[in-house]
Amino acid sequence: MISPPCQPFSPDPILDTASRLPRSFYNRPTPVVAQELLGTRLVHMEQGVRLSGWICETEAYCGEEDLACHAKAGRTPRTAVMYGPPGVAYVYFTYGMHWLFNIVTRPAGLPEAVLVRAIVPAEGLEIIAQRRGSQPRKRWADGPAKLTQSLGIDRRHNNLDLCASDAEIFIAAGISVPDEWVTIGPRVGLGTTPEPWLSKPWRFFIEDAEARLGGQTG
DNA sequence: AGCACGATTAACT
DNA sequence: GTTAATCGTGCTC
């Protein structure tokens, strides 16, 4: 009995991971990575089911000097992940109940990351509906804690290398987003963070994302 | 050991 | 616009 032939590619787009973004994508200035993540897909392969959404809102957090960034406290058990290599998930807990998903940027030693703040759900809609069905569809994943709830992301995924070929969470290449679709402004929810950090234009989002991305098939 | 606060959300008035 | 929910983290005593 001969071995079956290797699959040259996955014929099923639901299982395709060939478009996983490489580590070099994340090893660049954090605001650039944040903007270029718009229009890509955040994918979670959860027990064989593919859950995903189009990334439509991000924020850049830029190291110890950035007083809005957790790394302002230096290297602690929580922030250690941000001091590691780019392309790794930094998932943290806040307000006693919410998980927020970030991706580490820049070379090891520079504690910077992009917070993913919103997605337009694309795949795994049945499961997302189970988790978010108490809310109208437009609100299923239009916030940083809503998207982690939608995709089933939590503490288990902190420090996960998104660039590893077998990682269950990754970013897949998506569509090219025209500059005219993108609004840039100050980050939100920063409370008493002082200037100039409070006003840095490090938030990026696609205007009318649901209409523009909702019909994409990926 | 104790404390104040948080890169939020949903349900109020 | 206001507020409760709920607990890990980092800082002070």
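The sequence lines fix the lettering, A, B, ..., with proteins before strands; numbering per chain opens at 1.
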With a 4.0 Å cut-off on heavy atoms, is [X] in touch with a base, just the backbone sugar-phosphate, or nothing at all?
{"X": "A:R117", "answer": "sugar-phosphate"}
{"X": "A:L100", "answer": "sugar-phosphate"}
{"X": "A:R78", "answer": "sugar-phosphate"}

What integer distance in Å separates [X]:[atom1] from [N]:[atom2]?
{"X": "A:R139", "N": "B:dA10", "atom1": "CZ", "atom2": "P", "answer": "9 Å"}
{"X": "A:L198", "N": "B:dA7", "atom1": "CG", "atom2": "C1'", "answer": "12 Å"}
{"X": "A:M97", "N": "C:dT6", "atom1": "CE", "atom2": "C1'", "answer": "4 Å"}
{"X": "A:Y95", "N": "B:dG6", "atom1": "OH", "atom2": "C1'", "answer": "5 Å"}

Do the side chains of A:F25 and A:V104 join up, straight or via other hydrophobic residues, at under 4.5 Å, putting them in one cluster?
-> no
Hey, are [Y] and [X] close enough side-chain-wise for a donor-acceptor pair under 3.5 Å?
{"X": "A:E207", "Y": "A:T183", "result": "yes"}
{"X": "A:E168", "Y": "A:H157", "result": "yes"}
{"X": "A:Y83", "Y": "A:E64", "result": "yes"}
{"X": "A:S19", "Y": "A:R41", "result": "yes"}

Reading DNA chain C 5' to 3', what string of ( ), [ ], | and . shows its pairs, if Watson-Crick and G-U wobble pairs count only when both distances fall under 3.5 Å?
-> |||||.||||||.
For the side chain of A:Y90, counting heavy atoms from C-beta on, which of C:dA5, C:dG10, B:dA7 is nearest?
-> B:dA7
Of the listed B:dT8, C:dG8, B:dA10, the closest approach to the A:R132 side chain comes from B:dA10
Neighbours of DNA chain B within residues 68-77 of chain A, by heavy-atom distance under 4.0 Å = A:A68, A:H70
Which parts of residues 140-161 of chain A get close to DNA chain B, meaning a heavy atom less than 4.0 angstrom away?
-> A:G143, A:P144, A:A145, A:K146
Any A:Q135 side-chain nitrogen or oxygen under 4.0 Å from OP1 or OP2 of B:dA11 = yes
Between B:dA7 and A:R203, is there an OP1 or OP2 to side-chain N/O distance shorter than 4.0 Å?
-> no
Hey, is A:Y92 doing a stacking thing with B:dA7, by the 5.5 Å centroid and 30° angle criteria?
-> no
Give me the ring orientation class for A:Y90 and A:H70: parallel if the planes are under 30° apart, tilted from 30 to 60°, perpendicular past 60°.
-> perpendicular
